[in-house]
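So that the names make sense, note that chain A is the first sequence line, chain B the second, and so on, each numbered from 1.
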There are 2 protein chains.
Amino acid sequence: MAGRGRPRTFDRDTALEQAMEVFWTKGYESTSISDLTTAMNMKPPSLYAAFGDKEALFEEVIRRYNSQYGARLWGDLERFEHPKDATRHVLMTTAHLYTQDDTPHGCMVVLAAPQADSNHANVNRALRDLRRLTVGNLKNLYARAQHDGLIPPAANIDNMANYYTTVQYGMSIQARDGATRDELIAVADAAMATWPSLISTT
Amino acid sequence: MAGRGRPRTFDRDTALEQAMEVFWTKGYESTSISDLTTAMNMKPPSLYAAFGDKEALFEEVIRRYNSQYGARLWGDLERFEHPKDATRHVLMTTAHLYTQDDTPHGCMVVLAAPQADSNHANVNRALRDLRRLTVGNLKNLYARAQHDGLIPPAANIDNMANYYTTVQYGMSIQARDGATRDELIAVADAAMATWPSLISTT
DNA sequence: CGATTTATTTATCGATCACTACATAATTCA
DNA sequence: TGAATTATGTAGTGATCGATAAATAAATCG
């Protein structure tokens, strides 16, 4: 299992975790290779040998981010019988995750590079595609529920998914601006109060 | 009125408008002086003489942005008798403004530099303070309405303001990701449907 | 007119950017 | 052990960053 040449002096997962924290706090563009090598405790050649260039490292970071935090949000929604409970779980978990003390506040996918066009279009596009997955998750959830009769046929499930996604996106900005966990929970509660009117004809 | 020396060859307001479009599209950091001088059709020394450095130019741009677009949102809310109508006006105007074809989509104050900490902390802070003004506007609106008896004393107006602000923030991300005007209007409608439950005890 | 003032153009500045050539160190394989 | 392989540290690369010095151009003032 151990390779042939000189072994690494750092743990790859730990280094990725350290890189994630920097990207999450400063965003993609404001994070320099120097910031990264400092946080990851290695010199540039080691970083490039292990992760490719800055963009490849970032892509690996967001893959890791998604499997770590996305899973907390979307991983076990099928255990909820009703889509309303699943949606509440998503929003409440969001309020919790976005205000954790041991990570930067807000969602990295929303905050790291929201520019329409920058000098790093690949990164902007990758993050946008990840965000669209979020809406897709909700639409799938609601489509299944509608098929199962838990949401009336007349309900506009696209609007529902767009609405809850919008609230979740907004919570990222709020969290970054210093909103407390309780404040985000209150926002989530308010959003959930809309449910009855959403599932009636729109 | 005309000064003493050689007159400017550009219109200051036009140049600011051109700078705004670049900052709005690419964000603060990704916008280079070179991007700006190209868009503003001038050489660096002219830019620096007329506007100071990049940060001062950006600050002037967001002041202009705020007086142009902020006014459309918050300028004449007193013409609405009921705070619910004022809130609907804000969200509907937001849906309209964020999807205009002759400007970048979404709000520059939300999208230009949402990093928690970057190499331009002044800019991050200035934008965050502007965003907090938004919540403040809503809180003032609701406080007056509560005093006038249009919102029950038991209602939690801080939660209300946080909630509608969150929806508006989220609409910026949605607009940037390609949401249509109709989709944002549907989101605004959904958010307004929450009103009755918000003004009952929370 | 000449003196003064301000703006524009040209041609940069030092700093930092992402990234790498090169020599050396540490491991495995034969 | 020596050859091969991989990682690390030193010391840079050219490009671009934000910002500017110096010369020139265009206006007003006396």
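Going from atom CG of A/Leu57 over to atom P of C/dC17 covers 16 Å, rounded to whole Å. Rounded to a whole Å, the CE atom of B/Met42 is 17 Å from the C1' atom of C/dT10. For B/His120 and D/dA19, the NE2 to C1' distance is 14 Å, given to the nearest whole Å. Between the C1' atom of C/dT16 and the CD1 atom of B/Ile33 lies a distance of 15 Å, rounded to the nearest Å. One atom, CE of B/Met40, and another, P of C/dT9, lie 14 Å apart when rounded to the nearest Å. The distance from atom NZ of A/Lys54 to atom P of C/dC19 is 8 Å, rounded to the nearest whole Å.
Closest to the B/Asp53 side chain, of the nucleotides C/dA18, D/dA19, D/dA7, is D/dA19.
Atom NZ of residue A/Lys26 and atom CD of residue A/Glu21 lie 12.0 Å apart, to the nearest 0.5 angstrom. Taken from CD1 in B/Ile173 to OH in A/Tyr169, the straight-line distance is 8.0 Å, to the nearest 0.5 Å. Distance check, rounded to the nearest 0.5 Å: CG of B/Leu57 to CE of B/Met40 gives 5.0 Å.
Within residues 43-52 of chain B, the residues approaching DNA chain D are B/Pro44, B/Pro45, B/Tyr48, by heavy-atom distance under 4.0 Å. Within residues 9-32 of chain A, the residues having any heavy atom closer than 4.0 Å to DNA chain D are, in order of number, A/Thr9, A/Phe10.
Counting heavy atoms of neighbouring residues, nucleotides and ligands inside a 6.0 Å radius, atom CG of A/Asn122 exceeds 12 of them. More than 12 heavy atoms of other shown residues, nucleotides or ligands fall within 6.0 angstrom of atom CG in B/Asp129. Environment of CD in B/Glu81: sparse, with no more than 12 heavy atoms of neighbouring residues, nucleotides or ligands closer than 6.0 Å.
Between B/Trp24 and B/Tyr98, the ring center distance fails the sub-6.0 Å criterion.
The ring pair (Phe, Tyr, Trp, His ring centres under 6.0 Å) with B/Phe58 is formed by just one residue from the set B/Tyr28, B/Phe51, B/Tyr65; it is B/Tyr28.
Counting heavy atoms from C-beta on, the side chains of A/Met160 and A/Ile199 come closer than 4.5 Å.
Geometrically, A/Lys54 does not engage A/Phe23 in a cation-pi contact defined by less than 6.0 Å to the ring centre and at most 45° from the axis.
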Short N/O separations, protein against nucleotides 1-6 of chain D, under 3.5 angstrom:
residue, atom, partner, partner atom, Å
D/dT6, O2, A/Arg6, N, 3.1

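Between the side chains of B/His120 and B/Glu29, a donor-acceptor pair is found at a separation under 3.5 Å.
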